[in-house]
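As structure tokens, the structure follows; a few thoughts come after it.
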Amino acid sequence: MNANPPILTVNDNGAWCWFQDERALVDPATQTLVVGSISAAEGPGGEGRSGNVELAVVDLRAGTSRVVVLHEAFETDDHDVPALWRRADGRWLAVYTKHKTDDRTRWRVSEPGDPTRWGPEREFDWSGLTGGAGVTYSNLRSMGGRLYCFARAVNDDQCALVSDDDGDTWTYAGKLFTRPKVGYVNGYTRYAGDGKRIDLVTTDHHPRDYDNSIYHGYLENGALHRSDGTIVDAAAVSGEAPSQVELTTILEAGSRWGGVRMSHCWTTDIRRGEDGSVAAVLTARAGEEEHLDRRRAHPDLRFFYARMAPGGTWTVNEFAKAGAGLMPHEEDYTGLASIDPYDLDSVYVSTTVDPRDGSALAFHEIFHARTEDDGATWTWTPVTEDSAVDNLRPIAAPGDPSRTPLLWFRGTMTASQHYDCEIVLRDLPRGA
């Protein structure tokens with residue numbers, strides 16, 4: 001692999017949100033990378049392509065990409081990107097929803113070993129459970145031989161569908177959390193799994209509506225636990241669900257870092273290491289101002305790196321400035337960050353503040369961060385420099401531990417429904 005591999009455009013029109021996983025995945029046997037996205041009217045293809053649920057199927061050996069449409073004119077919203085799963089029989093599974101505009105989770109299954117050919121779309125109808133309030137997001141994780149699809153659904157809480165046939169059919173299991181709704185929705189949850197347990201970090205509500213803290217817990221052997229192993233719910237996702245505040249608090253609203261108050265926290269990424277450690281990237285507003293109107297993004301957002309040692313002890317550090325909110329009406333959107341799934345000491349960050357010297361950047365740039373002390377200190381290397389557009393929402397795609405396919409999209413984004421961005425890939429050598 002080249003020491004400085006080129007940047008390859010794998011889809012000329014697309015973007016993604018960050019509450020679905022896996023959004024990108026590698027088949028190591030065929031060296032095929034698949035990444036999901038939603039196209040928009042502002043990009044190539046215009047209105048005729050707007051709202052397509054698309055997959056870029058990339059041959060990593062040849063450096064070529066083919067775009068496949070899973071559902072034409074679905075909805076122009078980056079929240080609708082599919083979650084991907086590689087099945088034991090060699091087929092791919094893609095699961096996707098709209099952004100609270102209907103009550104259906106859709107899925108398709110590919111032909112064996114071929115993510116360019118897909119079977120018919122099927123649906124799970126949540127309306128009897130949601131009362132028509134809509135469903136959002138898809139997250140695929142396995143535990144104990146059962147496949148889970150976590151979605152925000154009943155009462156806008158985190159809920160789960162389950163499958164015992166690797167995603168051919170789905171049934172409703174229950175709620176993971178429950179609490180009275182404040183504002184738009186309830187908690188925003190990110191998931192990581194190793195097949196035996198599922199770790200998660202979550203908020204209370206949307207940060208524009210509530211001064212969120214961040215909580216950690218994990219599912220194992222059918223129970224929901226705090227970080228230290230204490231059981232919160234012995235029969236998780238099956239009956240009455242607890243509030244997420246019963247989990248372990250890892251970043252508290254109102255806490256001070258370097259004398260600065262942090263508030264309105266949000267979840268960004270989480271990964272679990274082979275040794276049982278967990279890493280998470282979180283964001284928060286810095287400063288004393290509690291609330292802003294939705295015509296002005298927060299001027300100072302910060303990234304935090306949280307690391308849990310095996311056994312449940314957390315170390316949390318502020319590690320980079322994210323700059324101002326990405327768009328005026330979304331005070332808390334950042335360029336985001338992605339943890340290397342095979343190296344928890346390695347993180348890719350999109351920011352408008354150069355982490356090496358604190359200088360302002362004209363556009364969001366991608367930096368690689370590495371720590372040797374669980375996040376206390378970092379070394380920084382630019383991935384992009386002197387860009388003429390924003391570089392946003394990196395993904396270090398899992399699937400092949402021998403390489404780091406780093407994806408992001410670059411261009412102009414003014415809303416989750418309006419963007420002119422292309423999806424690019426830099427296939428990095430392991431450890432780069």
Side-chain angles (χ1 to χ4, degrees), residues 10-25 34-58 65-85 91-111 114-127 129-130 132-140 149-153 156 159 161 167-170 184-185 330 392-393 395 407 409 411 413-423:
V10 299
N11 191 333
D12 63 2
N13 183 348
W16 49 73
C17 185
W18 69 103
F19 289 102
Q20 311 88 346
D21 275 316
E22 299 290 346
R23 288 159 289 161
L25 195 57
V34 181
V35 55
S37 59
I38 306 294
S39 52
E42 290 83 351
E47 287 289 351
R49 188 176 169 191
S50 184
N52 286 357
V53 180
E54 297 184 346
L55 300 176
V57 180
V58 184
S65 178
R66 175 180 174 185
V67 175
V68 178
V69 179
L70 286 180
H71 190 126
E72 291 185 352
F74 186 60
E75 182 180 55
T76 308
D77 195 309
D78 68 9
H79 291 61
D80 300 353
V81 297
L84 302 172
W85 184 259
R91 299 175 188 266
W92 292 72
L93 169 69
V95 184
Y96 43 99
T97 71
K98 290 187 175 181
H99 187 192
K100 285 191 71 175
T101 56
D102 73 16
D103 298 87
R104 289 172 170 79
T105 289
R106 285 104 165 156
W107 70 96
R108 294 181 70 177
V109 177
S110 80
E111 295 298 312
D114 188 354
T116 68
R117 296 188 300 149
W118 292 81
E121 182 179 86
R122 287 173 277 179
E123 298 180 348
F124 179 88
D125 186 354
W126 293 81
S127 59
L129 300 160
T130 60
V135 61
T136 314
Y137 303 137
S138 304
N139 289 271
L140 297 172
C149 179
F150 294 98
R152 194 180 67 202
D156 284 312
C159 302
L161 303 178
D168 274 335
T169 60
W170 294 92
Y184 177 53
V185 293
E330 292 288 1
L392 301 170
R393 299 181 178 172
I395 302 173
L407 295 145
F409 57 86
M413 184 178 220
T414 58
S416 294
Q417 300 78 28
H418 297 285
Y419 41 85
D420 183 2
C421 297
E422 63 177 0
I423 297 168

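By convention here, the first residue in the shown sequence is residue 1.
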ask   = Are a donor atom and an acceptor atom from the side chains of Tyr96 and Glu121 found within less than 3.5 Å of each other?
value = yes
message = Once you measure the plane-to-plane angle for His79 and Tyr137, does it fall in the parallel (<30°), tilted (30-60°) or perpendicular (>60°) bin?
response = parallel
inquiry  = Between Asn52 (side chain only) and Ala73 (backbone N and O only), is there a donor and an acceptor less than 3.5 Å apart?
reply    = yes
ask   = Side chains of Leu55 and Trp92: closer than 4.5 Å at any heavy-atom pair?
value = no
For Asp21 against Ala83, the heavy-atom pair lying closest together = O-CB, 3.3 Å
ask   = Which value, rounded to the nearest 0.5 Å, describes the distance between Thr101 atom OG1 and Phe74 atom CZ?
value = 7.5 Å
key: Minimum heavy-atom distance between Ser65 and Val10, given as atom pair plus value   = OG-O, 2.7 Å
query = With distance as the sole test, does Trp107 use its side chain to make a donor-acceptor pair with the main-chain N or O of Gly167 at under 3.5 Å?
reply = yes
request  = Would you sort out whether Arg49 and Asp12 count as a side chain to side chain contact (heavy atoms under 4.5 Å, CB included), showing the intermediate values?
outcome  = CA-CA 11 Å; Arg49 188 176 169 191; Asp12 63 2; 2.7 Å; yes
note = Lys98 meets the salt bridge (Lys or Arg N to Asp or Glu O under 4.0 Å) criterion, sequence neighbours left out, with none
ask   = How many angstroms lie between CD in Glu75 and CG in Asp102, if you round to the nearest 0.5 Å?
value = 7.5 Å
request  = Verify side chain to side chain contact (heavy atoms under 4.5 Å, CB included) between Thr97 and Trp126, making sure each step is shown before the conclusion.
outcome  = CA-CA 11 Å; Thr97 71; Trp126 293 81; 5.8 Å; no
remark   = Heavy-atom nearest pair, Gly36 first then Leu84, reads N-CD1, 4.4 Å
query = To the nearest 0.5 Å, how far apart are CD1 in Ile38 and OG in Ser416?
reply = 11.5 Å
request  = Let me see the working for Arg152 and Phe19 under side chain to side chain contact (heavy atoms under 4.5 Å, CB included), right down to the final yes or no.
outcome  = CA-CA 10 Å; Arg152 194 180 67 202; Phe19 289 102; over 6 Å; no
query = Does some side-chain heavy atom of Phe124 sit less than 4.5 Å from a side-chain heavy atom of Cys149?
reply = no
query = Backbone N or O of Asp168 within a donor-acceptor pair of the Arg122 side chain at under 3.5 Å?
reply = yes
inquiry  = Check whether Asn13 reaches the backbone of Pro44 with its side chain - one donor and one acceptor, N or O, closer than 3.5 Å.
reply    = yes
query = So His71 and Asp80, side chain to side chain contact (heavy atoms under 4.5 Å, CB included) or not? Walk me through it.
reply = CA-CA 11 Å; His71 190 126; Asp80 300 353; over 6 Å; no
Minimum heavy-atom distance Trp118-Ser110, with the two atoms named = CE3-N, 3.3 Å
query = For the residue pair His99 and Thr136, what are the closest heavy atoms and their distance?
reply = CD2-CG2, 3.7 Å
note = Output for pair (Trp16 CH2, Tyr419 OH), nearest 0.5 Å, gives 11.0 Å
4.5 Å side-chain heavy-atom contact, Glu111 and Arg91 = yes
ask   = Quick check: does any side chain N or O of Arg108 sit under 3.5 Å from a backbone N or O of Leu70, one acting as donor and the other as acceptor?
value = yes
Within-4.5 Å side-chain heavy-atom neighbours: Val53 and Pro82 = yes
note = dist Arg104:CZ -> Ser127:OG (nearest 0.5 Å) comes out at 6.0 Å
note = Rounding to 0.5 Å, atoms CD (Glu47) and OG (Ser39) come to a distance of 10.5 Å
key: Partner set under salt bridge (Lys or Arg N to Asp or Glu O under 4.0 Å) for Asp78, not counting sequence neighbours   = Arg393
request  = Check whether more than 12 heavy atoms from other residues, nucleotides or ligands sit under 6.0 Å from atom CD of Glu72, and answer yes or no.
outcome  = no
note = On a heavy-atom basis, the closest approach of Ala15 and Val81 is O-CG1, 3.5 Å
